[in-house]
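As the structure lists them, so they are numbered: ligands from 1, and atoms in each ligand from 1. Since the model is a prediction, treat every value here as computed from it, not as a measurement.
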Amino acid sequence: MKKRVRVAVTGGAGQIGYSLLFRLASGEVFGPSVIVDLNILELPIAVKSAAGTAMEITDCAFDTCGEINCYDDATKAFDGINWALLVGSTPRGPGMERNDLIMSNGPLFVSQGKALAKASSNLMAIVVGNPCNTNALIALSNCSEVPSSRFTAMTMLDENRAKAQLALKAGVAVDQVKNIVIWGNHSSTMYPDFENSTINGKPTTEVIKDRKWLENDFISIVQKRGAEVIAARGKSSAASAASACIDLVKNLNTGKGNEVFSTAVLTNGEWYNLPKGLVFSLPVKAKGQGSYEVVENFKLSNFAKEKISLTCKELEEEKKVISNLL
Ligand code: NAD
Ligand code: LMR
C-alpha cells in the first residue's frame with residue numbers, strides 16, 4: 001500500500017491555487033510513492049470554480065493524485081490534514097503595500113487558526129496570504145493546540161528572487177548561489193542578506209565587487225519585485241508564488257540536503273537579539289517532515305543589523321495594529 005499525505009489548500013480557486021494544486025497532485029513534492037489527497041477550501045461563492053479546478057486535476061490522471069474534496073467549511077477542510085497551505089485571501093493591487101491588507105485579511109486567520117486547532121496537532125501550516133508574517137502570527141495565536149513551531153510564513157519567493165538576481169548579475173547558473181537568506185518581513189523592508197551568501201563557493205562580495213549595486217539596486221529589486229510584477233501584469237505573482245510554496249514544502253519535508261533556506265518563524269527572544277513573539281524570516285535548516293531549526297551562527301555586519309532592525313520595527317507596528325486578533 002502506498003503512503004498517503006493530505007494537504008489542505010485555501011483559496012484553491014484563485015491564481016496561486018491554479019498552479020499550486022496541480023504541482024502538489026503531480027507527485028513532484030512528496031515523491032512517486034506517496035498518494036496526495038487534496039482538501040480545497042474556498043469561499044462559498046468560489047466553491048464551484050474550485051470544483052472545476054478539481055475536475056482538471058482529475059483529468060491530468062496523475063499516478064499520485066488521491067481524493068480531491070472542495071469545501072466552504074474550514075473545520076471540514078482541515079480534518080485529518082498533514083499540511084495546511086493558507087493561500088486564500090485578498091491580494092494587493094497597484095500602489096498598495098502588503099500591510100494595507102491587514103484589516104481585511106487578518107480576521108480570516110483567526111477563524112482558520114481556530115479551525116486548525118481541531119485538526120491534527122502534527123500538521124505543518126504555511127501562510128502565503130498577505131501580509132503573511134502577521135497573518136501567521138494571528139493564526140498560530142488562535143491555535144494553541146498545534147505547536148507554534150509548526151507555523152511558518154513564506155519568504156521563499158523572496159529568496160528565489162534574490163538568488164535569481166545574484167545569478168544574473170554574476171553570469172552563473174542559479175544553483176551556484178547558496179546561503180542567500182531573507183531576514184524579517186515579506187514586505188518592502190525585508191533584508192536579502194548578500195553578505196552571508198556565496199557564488200561558486202566564494203563570498204558574493206568577492207564575485208560581485210560592485211558593493212554599491214549590492215547595497216542599493218539588489219536590495220531594492222528584491223524588496224520591490226512583488227510590486228513590479230503587479231505593475232507589469234496587473235495582478236500579483238501567481239506561478240512564481242506557487243513554485244516557491246512547492247520549494248518550501250519540499251525543503252521542510254525532506255531537509256534540502258542540509259542547506260540553509262529562509263522561512264518566517266515565531267521568534268523566541270533568543271535568536272539574533274530579536275524580540276520575542278514576531279513571525280520573522282530567518283536562516284533555517286530542515287530536519288524533515290516539517291520540523292526545522294534556526295541557524296544561529298550567521299555573522300551580521302552593522303549594515304545588516306541596521307536593515308534587520310528596520311524590518312523588525314515594521315513587524316512590531318503590524319503586531320500592534322492587530323493586537324485585538326491575537
Ligand atoms: P486570488 O484573488 O487569485 O485568489 C484568492 C482566493 O482566495 C480566491 O479564490 C478567494 O475566493 C479565496 N478566499 C478568500 N478568502 C478566503 C477564505 N476565508 N477562505 C478560503 N478562501 C478564501 O489571489 P492569489 O493571487 O491567489 O493570492 C492569494 C494571496 O497570496 C494574496 O494575499 C497574495 O497577496 C498572497 N501572495 C503571497 C506571496 C508570498 O510570497 N507570501 C506571493 C504571492 C501572493
Ligand atoms: C509577491 O511578493 O509577489 C506577493 O507577496 C504579492 C505582492 O503583493 O507583492
Side-chain angles (χ1 to χ4, degrees), residues 8-21 39-53 70-78 84-116 125-136 138-139 152-162 164 182 184-190 192 221-249 262-264 279 281:
V9 176
T10 71
Q15 293 198 87
I16 296 174
Y18 194 70
S19 178
L20 181 59
L21 285 161
N39 285 7
I40 305 176
L41 176 67
E42 256 300 347
L43 294 176
I45 195 174
V47 169
K48 187 172 171 203
S49 169
T53 301
C70 298
Y71 299 100
D72 62 9
D73 177 309
T75 305
K76 286 184 186 152
F78 295 155
L85 310 184
L86 306 181
V87 179
S89 53
T90 307
R92 66 173 164 159
M96 293 171 75
E97 286 296 328
R98 296 181 186 93
N99 59 15
D100 292 334
L101 299 165
I102 206 164
M103 296 315 288
S104 54
N105 284 343
L108 73 92
F109 290 90
V110 173
S111 52
Q112 293 193 354
K114 288 184 175 154
L116 283 170
I126 295 178
V127 179
V128 175
N130 279 319
C132 61
N133 298 56
T134 298
N135 288 340
I138 296 170
T152 186
M154 184 175 95
T155 52
M156 183 55 67
L157 177 54
D158 310 301
E159 178 179 318
N160 285 346
R161 287 168 171 163
I182 304 297
N185 202 1
H186 173 62
S187 78
S188 53
T189 65
M190 76 181 82
I221 292 169
V222 179
Q223 288 177 334
K224 296 187 185 144
R225 188 68 163 185
E228 288 273 309
V229 170
I230 293 171
R233 258 171 50 85
K235 290 189 229 162
S236 65
S237 62
S240 58
S243 198
C245 189
I246 293 289
D247 288 344
L248 180 56
V249 177
S262 322
T263 201
V279 172
S281 184

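Protein heavy atom nearest atom 36 (N) of ligand 1, with residue, atom name and distance: Asn130 ND2, 3.4 Å. Looking only at heavy atoms of the protein, atom 4 (O) of ligand 1 is closest to Gly14 CA, 3.2 Å. From the protein, the heavy atom lying nearest to atom 17 (C) of ligand 1 is Leu43 CD2, 3.6 Å. Protein heavy atom nearest atom 2 (O) of ligand 1, with residue, atom name and distance: Pro91 CD, 3.4 Å. Scanning the protein heavy atoms around atom 26 (O) of ligand 1, the nearest turns out to be Ile16 N, 3.1 Å. Regarding atom 41 (N) of ligand 1, its nearest protein heavy-atom neighbour is Val128 O, 3.2 Å.
Looking at Ser89 against ligand 1, both its backbone and its side chain come within 4.0 Å, counting heavy atoms. Contacts between Asn130 and ligand 2 below 4.0 angstrom, taking non-hydrogen atoms only, involve the side chain exclusively. When non-hydrogen atoms are compared, ligand 1 lies under 4.0 Å from the side chain of Ser236 (C-beta onward) but not from its backbone. Heavy atoms of Leu157 found under 4.0 angstrom from ligand 1 belong exclusively to the side chain. Residue-level proximity to ligand 1 for Gln112 is carried by the side chain, the only part with a heavy atom below 4.0 angstrom. Contacts between Thr90 and ligand 1, counted as non-hydrogen atom pairs separated by less than 4.0 Å, involve the backbone only.
Which parts of ligand 1 touch Gly11 is read off a 4.0 Å heavy-atom cut-off, strictly below it: atoms 6 (C), 7 (O), 12 (C), 20 (C), 21 (N). Atoms of ligand 2 lying under 4.0 Å from at least one heavy atom of Arg92, given by number and element, are 7 (C), 8 (O), 9 (O). In the vicinity of Gly226, heavy-atom distances shorter than 4.0 Å reach the ligand 2 atoms 1 (C), 2 (O), 3 (O), 9 (O). Listed by atom number, the atoms of ligand 1 under 4.0 Å from Val87 heavy atoms are 28 (C), 29 (C), 30 (O). Heavy-atom contacts of Ala241 reach the following atoms of ligand 1: 42 (C), 43 (C) (cutoff under 4.0 Å). In summary, the atoms of ligand 2 found under 4.0 Å from a heavy atom of His186, numbered by their order in the structure, are 1 (C), 2 (O), 4 (C), 5 (O). Those atoms of ligand 2 with a heavy atom of Ser236 less than 4.0 angstrom away are 6 (C). Distances below 4.0 Å separate heavy atoms of Ser237 from the following atoms of ligand 1: 42 (C), 43 (C).
A side-chain hydrogen bond (donor to acceptor under 3.5 Å, both in side chains) with Ser188 holds for exactly one of Arg225, Lys224, Glu97; it is Glu97.
With distances taken over non-hydrogen atoms, the option nearest atom 2 (O) of ligand 2 out of Arg161, Arg225, Met190, Glu97 is Arg161. Closest to atom 39 (C) of ligand 1 by heavy atom, among Glu159, Arg161, His186, is His186. Nearest to atom 12 (C) of ligand 1 by heavy atom, out of Glu42, Arg98, Arg92, Met96, is Glu42.
Contact of the Val87 side chain with the Leu20 side chain is registered, since non-hydrogen atoms from C-beta on lie closer than 4.5 Å. For the pair His186/Arg98, a side-chain contact is recorded, criterion being any heavy-atom separation below 4.5 Å from C-beta on. For the pair Asn99 and Ser187, the minimum side-chain heavy-atom distance is 4.5 Å or more. Using a 4.5 Å heavy-atom threshold, the side chains of Leu86 and Leu116 count as touching. Residues Phe78 and Asn39 have side chains not in contact (no heavy-atom distance under 4.5 Å, counting atoms from C-beta outward). Residues Asn130 and Arg92 are not in side-chain contact: their nearest non-hydrogen atoms beyond the backbone lie 4.5 Å or more apart. Side-chain contact check for Glu228 versus Arg161: every heavy-atom pair is 4.5 Å or farther apart. Residues Ser236 and Gln15 form a side-chain contact, since some pair of their non-hydrogen atoms from C-beta on lies under 4.5 Å apart.
Judged by distance alone, the side chains of Thr263 and Thr152 do bring a donor and an acceptor atom under 3.5 Å apart.
Within the 3.5 Å criterion, the main-chain N or O of Ile182 finds no donor-acceptor partner in the side chain of Asp158. In terms of modelled atom types and a separation under 3.5 Å, the side chain of Glu42 and the main chain of Ala50 share no donor-acceptor contact.
Ligand 1 lies within reach of Cys132, whose nearest heavy atom is under 4.0 Å from it.
Taking only nitrogen or oxygen atoms, main chain and side chain alike, Asp158 does not reach within less than 3.5 Å of ligand 2. Residue Gln15 has at least one N or O atom closer than 3.5 Å to an N or O atom of ligand 1.
To the nearest 0.5 Å, atoms CG (Asp72) and CD1 (Ile40) are separated by 13.0 Å.
Not counting sequence neighbours, Tyr71 has no partner by the ring pair (Phe, Tyr, Trp, His ring centres under 6.0 Å) test.
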Starting from the C-alpha separation in whole Å, work towards a yes-or-no answer on side chain to side chain contact (heavy atoms under 4.5 Å, CB included) for Ser240 and Asn160.
CA-CA 9 Å; Ser240 58; Asn160 285 346; over 6 Å; no

